Amino acid sequence: MSNFSSGYMLTDAGIKLMADVNAGKLTLKLTKMQLGSGQANTAGDYATRSALLAPRNTMVITSITTEDVGDVRTCLLSASLTSEAVETGFEATELGVFAQDSSGEEILYGVCYDTEPGYVPSKYDGNNVQMNFAVRIITTSKATVELVLPKSAADLVALAQQDAVKAIDSAAAAKASADKAAELNTYTQTAMSTASSYADKARESASNASLSATIAEEQASSASKAQSVSETIRAEVERMYRSMRYDIVGPPPEYMTIANFIVGADAAEMSS
């Protein structure tokens, strides 16, 4: 890319205008920048010119930043160009700054020249490229500098192109934000679905635990009831046995043949 930061030269019309601006008599009204591909032999080639040697693309000045140091004021002019506005690529050797003179006519105020120019791609060279340009001009602290809206058809086209670039950038940023939001929404939905699944499993586990506890309680209750019934039967049998007031025993062997005796029922008969 061309390097126009090494300085600029004023045209004769620019020198005359700056005399009144630095004296505080006029406002420096800047109108535009322009790129060119002309070949100059010396700085004096631009002295009496009202245009660049080979003008190519006009750019609207988008901002002016001023800084005062003592009696000196530095003004940084900024402009940009997109390759979509360039029909044919070229080597940018000259950058002109234009302003209005005391009568309101547009003049070539100053020129930056690059002996080692960079290539400015066209819309047919591939990807769209936005190129930014900056020029520093020096005035006194008494000077007033301002931008003037473009009037010519070429300037209006440049302004429209600049607005289009900003619109494209804004649209791209908006799309990127929308894509990011959609991605985050997908992550959120996935997380919510996973959390819901875990919650369902937790509820199922809790339900199974509750059911197991109920079954355990029922089994414990049944065991307790069985134990109680067993204790009741044992106590009743013992009570009945004691109410007979004698033991049922067989006679001694020696009396089996000589005496009458009563034989009680044995255990099998009693149980039947």
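None of the values given here were measured: they were computed from a predicted structure.
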Any side-chain heavy-atom pair from [X] and [Y] closer than 4.5 angstrom?
X      : Y      : answer
Tyr109 : Leu28  : yes
Phe133 : Met59  : yes
Leu147 : Ile64  : yes
Leu77  : Leu30  : yes
Asn128 : Lys123 : no
Asp71  : Thr140 : no
Tyr8   : Leu95  : no

Is it true that Leu76 and Met131 fall in one hydrophobic cluster, defined by side-chain heavy atoms closer than 4.5 Å?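 No; tracing contacts between hydrophobic side chains, which count when under 4.5 Å, never links both residues.
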Is it the case that the side chains of [Y] and [X] hold a donor-acceptor pair, with the cut-off being a distance below 3.5 Å and no angle test?
X      : Y      : answer
Gln34  : Thr58  : yes
Tyr119 : Asp125 : yes
Thr139 : Asn22  : no

Between [X] and [Y], is there a donor-acceptor pair closer than 3.5 Å when you use the side chain of the first and the backbone of the second?
X      : Y      : result
Thr93  : Gly38  : yes
Thr11  : Ala47  : no
Ser141 : Val72  : no
Tyr46  : Gly110 : no
Glu94  : Leu53  : yes
Ser122 : Tyr124 : yes
Thr82  : Ala85  : no
Ser83  : Val129 : yes
Thr31  : Phe98  : yes

Would you sort out whether Thr88 and Val86 count as a side-chain contact (heavy atoms from CB on, under 4.5 Å), showing the intermediate values? CA-CA 6 Å; Thr88 305; Val86 181; 5.7 Å; no
Quick one: pull up [atom1] in [X] and [atom2] in [Y] and give me the separation to the nearest 0.5 Å.
X      : Y      : atom1 : atom2 : answer
Lys16  : Ile107 : NZ    : CD1   : 9.5 Å
Glu146 : Ile61  : CD    : CD1   : 11.5 Å
Asp45  : Thr42  : CG    : OG1   : 4.0 Å
Asp20  : Ser102 : CG    : OG    : 7.0 Å
Asp101 : Lys29  : CG    : NZ    : 10.5 Å

Kindly indicate, with the supporting measurements, whether the criterion side-chain contact (heavy atoms from CB on, under 4.5 Å) is fulfilled by Thr66 and Thr74. CA-CA 6 Å; Thr66 62; Thr74 301; over 6 Å; no
Search all heavy atoms of [X] against all heavy atoms of [Y] and return the closest pair with its distance.
X      : Y      : answer
Ala99  : Leu17  : CB-CD2, 4.0 Å
Val97  : Val135 : CG2-CG1, 4.2 Å
Cys75  : Val145 : SG-CG2, 3.8 Å
Ser80  : Asn132 : CB-OD1, 3.2 Å
Pro117 : Glu91  : O-OE1, 3.4 Å
Ala79  : Met33  : CB-SD, 3.8 Å

Taking atom CZ as the centre, does Arg49 end up with more than 12 heavy-atom neighbours from other residues, nucleotides or ligands that are less than 6.0 angstrom away?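 Yes, the 6.0 Å shell around CZ holds more than 12 heavy atoms from other groups.
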Inspect the contact between Glu67 and Arg73 and indicate whether a charged nitrogen and a carboxylate oxygen are less than 4.0 angstrom apart.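 Result for this pair is no, no salt bridge flagged.
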